[in-house]
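Beneath this line is the structure, given in structure tokens, with notes to follow.
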Amino acid sequence: MTDAIPSYLEILNPEQRAAVLHTKNPLLILAGAGSGKTRVITTKIAWLIREQGVDPRSILAVTFTNKAAREMAERARLIDGRAGDAMLRTFHSFGAWFLRRNGSLAGLDPRFVIYDDDDMIALLSSIMEDAPKAEVKQTAHKISRAKDYFYSPDSPELDLIDSRKSFRRIYKEYEEKLGRIGNVDFGDLIKKPVEILRSQSDIAHRFQNRFEVIMVDEYQDANIAQFELLKSLVGPHTYLCVVGDDDQSIYRFRGAEVRNILEFPDRFPGTDIIRLESNYRSTAPILKAASSVVDHNRGRLGKTLRAERGDGKQPVLAFLPDQDEEAVYCAKLIENSIKAGKEPANSTISNSGISKPAVYSDWAILYRTNAQSLGFETEFLRRRIPYRVVGSLKFYEREEIKDALALLAFMANPRDEVAFRRVVNKPSRGVGPATVDRIIAAAENNSTGDLAAAARALIPVLSAKAGAGTKTFLKVIEGGRAALEQTAEPEAAEDESDKTSADVKETINSANVAPKKRKRSSKNNEGLAAGEGLSVCVVHLIQESGIAEYHAAHDEISGNQRINNLQELANAAVLYEASEAGLLEFLEHIELDRSLETAAAENETDSAGGAVTLITFHNTKGLEFRRVVMTGIEQGVFPREDKKDDELEEERRLFYVGATRAMDELYLTSCAVRRVFGRTMPMEPSLFLREIDRSALRIIGNAPYGFAGLTPGGGYGNARYGGKPAAAIDGWSQGDRLYHDDHGYGAVADVRDSEDGPVVRVLFETGKEVRFLSRHQGSRFMKIGRDD
DNA sequence: TAATCGATCTTTTTT
DNA sequence: AGATCGATTA
């Protein structure tokens, strides 16, 4: 250690450095929020390559999101370029990569397409023919869950999920049907590789030898199947290092098991544990607020974060009348911070030590459910506050996009019954359900299961109309295939060549290549512009199939963007080659990484200050923002209704994750009423608000009755609102809440008549008291409601 | 067979 | 409030 320490290690604190330099035994890094976890992982990768002579290609680092994988690759490469050769992937993309090469050992055609939840439901509903849709959905969920836990249709443990015989039967049938089709669902991407590795010891050995080092990020979110995958990949000489934080485990609902991290030392004997407890992100009061909530959880490893940044602005809890005011409050906060940045003289609200002018991208609005984003969007749109919505885009879930993808999927795999059903009669070609069933039945009887072949063979027997329609459809697909083959160049062989043997030579990270080219879509609806590569094929399909026309007609009625969306999809395909391999790559990329930003979602994002981020709590994991507003902190919303025990603890962790995203400023909002399904419902403040250490909180607005013991901070306490509201004078009465551009939020303390007319006395959240003449209020004061 | 109108349900959270 | 689903109707 007395030798010169490389500079990239110098910047680490002792614990971080110990984590980087650790070797041999399995290592569990318990990394609190904001403790420099990513830095440790990336540095470790670089260090292993540089100082330990580890071949980068023998390093596997697994994450849960593509974003995290990309970031990790980028940062590791900055330290050492060779890190670019390491395999950095999500669990699922690793599974897909594995199955393309080794799936044939389990009878899987390497040309499989990945089914998403909707496809899964569609397939399932063809099995559960007359079950209500809700039940089908629920069954799909249970099957996903079963796969997360590595349960097969004949596992005895399946009873833990659903003990009914019928469930077992449906699950089994589903598996058979999916197998016949030759596609896989998300769960299969993990489960099938484990099955192969378990049953084929030669393959297992090959992989155990290939990966000398395996690292897992966000280990607290791993499910049982992923744990099994890990176990199968770790050989006697593999160095295993997992990083996680039990307090940030928020994916239980999709099978994540905190016990993976809690029991890691038992599962891998000899494990060393290193804790990273220095937080470099948030100020002390923010951390205090966050920790005081999660402290109420039982069953945690427990740790204490030290706020290296020291003191800062108190988090603010704002009680607001309703969700519209909530949106206004957020908008005002943002606008004020921007304004304050532009006019530094205006320092009514002084924030200790924060002198940087605020920009839009400093801000994030957090909410529990995607549906809550709408209110903020409308308000921000109105005020021209640039924003971007993370996650809920659902670009790939739109009808027109799913149609186009189904055409592509059917082209890639003519056994794909789900895709076939979706598009064979869209737009309607006279191929009704009866005909479709007949074709599918015929395909089941021929050995290949090829629906296109079965359909072709049936044409002579079908009615004239159905026959003609079927013919048209097949022609479209064939045309698409022709568009592939024409341009298929020898390059296509490159990826195929190393399929069996040396995956060591693999140039990896197809997930990382997708260059961010921003193609401007042609705005006219005349026709779709075909670029190069696979987009030629995509455009052909959506045009010739009539899908484009079908949706164009719809656009005219409801003013949608469907044609533009289809164009966007075609643009994305430009990056892929027009070959079968390119097609599969494109489809896989879409299934596994839906976070792609689409031009459709950009409103004014390109403006200088960036944009405010609208995002669910779940989606914020791994992110940080200078200023964060946690909205809808109400009982029933967050925590969601009837959450108790383990689930309540998970909600608490979610709260913790959200709060620890904030670097400088944290705001919490809680509404007195909220529209739920169009009905206005009275709300109660969240349980979590009572759990927050009160010394770490400043409260503004009116704490509702029942929020015992809390006295608003600005000097206007509950008592003031305890009685009936005073009679209004000139439209103002005691208890009215208002907003002032300079002073922020406040409430009317009293209204008195004077010789110049009614005088309104207002107390602001800053503690400031202001009097003004009612008739002079101008536009500087904005009334925002009252609390009765 | 397709389009239109009402009734009903919706909301977790995501790879 | 909005979407979705089914039944009714043209």
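Residue numbering restarts at 1 for every chain, and letters A, B, ... go by the order of the sequence lines. All of these numbers come straight from a predicted model, not from anything done at the bench.
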Listed by chain and number, what are the side chain to side chain donor-acceptor pair (under 3.5 Å) partners of A/Asp416, not counting sequence neighbours?
A/Tyr115, A/Asn183
If we take the C1' atom in both C/dC5 and B/dT12, what is their distance in whole Å?
22 Å
Which residue, A/Glu651 or A/Arg429, contacts DNA chain B at a nucleotide closer to its 5' end, judged by nearest heavy atom?
A/Arg429
Which nucleotide of DNA chain C is the first, and which the last, in the 5' to 3' direction, to come under 4.0 Å of a heavy atom belonging to chain A?
C/dA1 to C/dC5
Determine, stepwise, if the pair A/Glu585 / A/Arg100 fulfils salt bridge (charged side-chain N to carboxylate O under 4.0 Å, His left out).
CA-CA 11 Å; A/Glu585 235 178 89; A/Arg100 294 255 185 243; over 6 Å; no
Among B/dT14, B/dA2, B/dT12, find the nucleotide with the atom closest to the side chain of A/Ser428.
B/dA2
Measure from the side-chain heavy atoms of A/Phe253 and tell me the nearest of B/dT1, B/dT13, B/dT15.
B/dT13
Hey, does A/Asp221 reach any base, or is it just sugar-phosphate, or nothing, if we go heavy atoms under 4.0 Å?
nothing
What is the nucleic acid contact for A/Tyr251, judged by heavy atoms within less than 4.0 Å: base, sugar-phosphate only, or nothing?
sugar-phosphate
Whole-Å distance, A/Asn425 CG to B/dA3 C1', equals 15 Å
Calculate the interatomic distance between A/Arg145 atom CZ and B/dT13 atom P; express it in whole Å.
16 Å
Between [X] and [Y], is the ring centroid distance below 6.0 Å?
X	Y	answer
A/Tyr151	A/Tyr171	no
A/Phe376	A/Tyr387	no
A/Phe617	A/Phe638	yes

Modelled atom types, side-chain donor and acceptor of A/Glu218 and A/Gln220, under 3.5 Å
yes
Do NZ/NE/NH1/NH2 and the carboxylate oxygens of A/Asp118 and A/Arg422 come within less than 4.0 Å?
no
Salt bridge check, A/Arg640 against A/Glu650: does any charged N sit closer than 4.0 Å to a carboxylate O?
no
Extract from the structure each pairing of a protein N or O with an N or O of nucleotides 5-11 of chain B at less than 3.5 Å, listing the distance.
none

Test side-chain contact (heavy atoms from CB on, under 4.5 Å) on A/Leu623 and A/Val390; report intermediate values, then the result.
CA-CA 12 Å; A/Leu623 305 179; A/Val390 175; 5.8 Å; no
Are A/Asn66 and B/dT15 close enough that a side-chain N or O sits under 4.0 Å from OP1 or OP2?
no
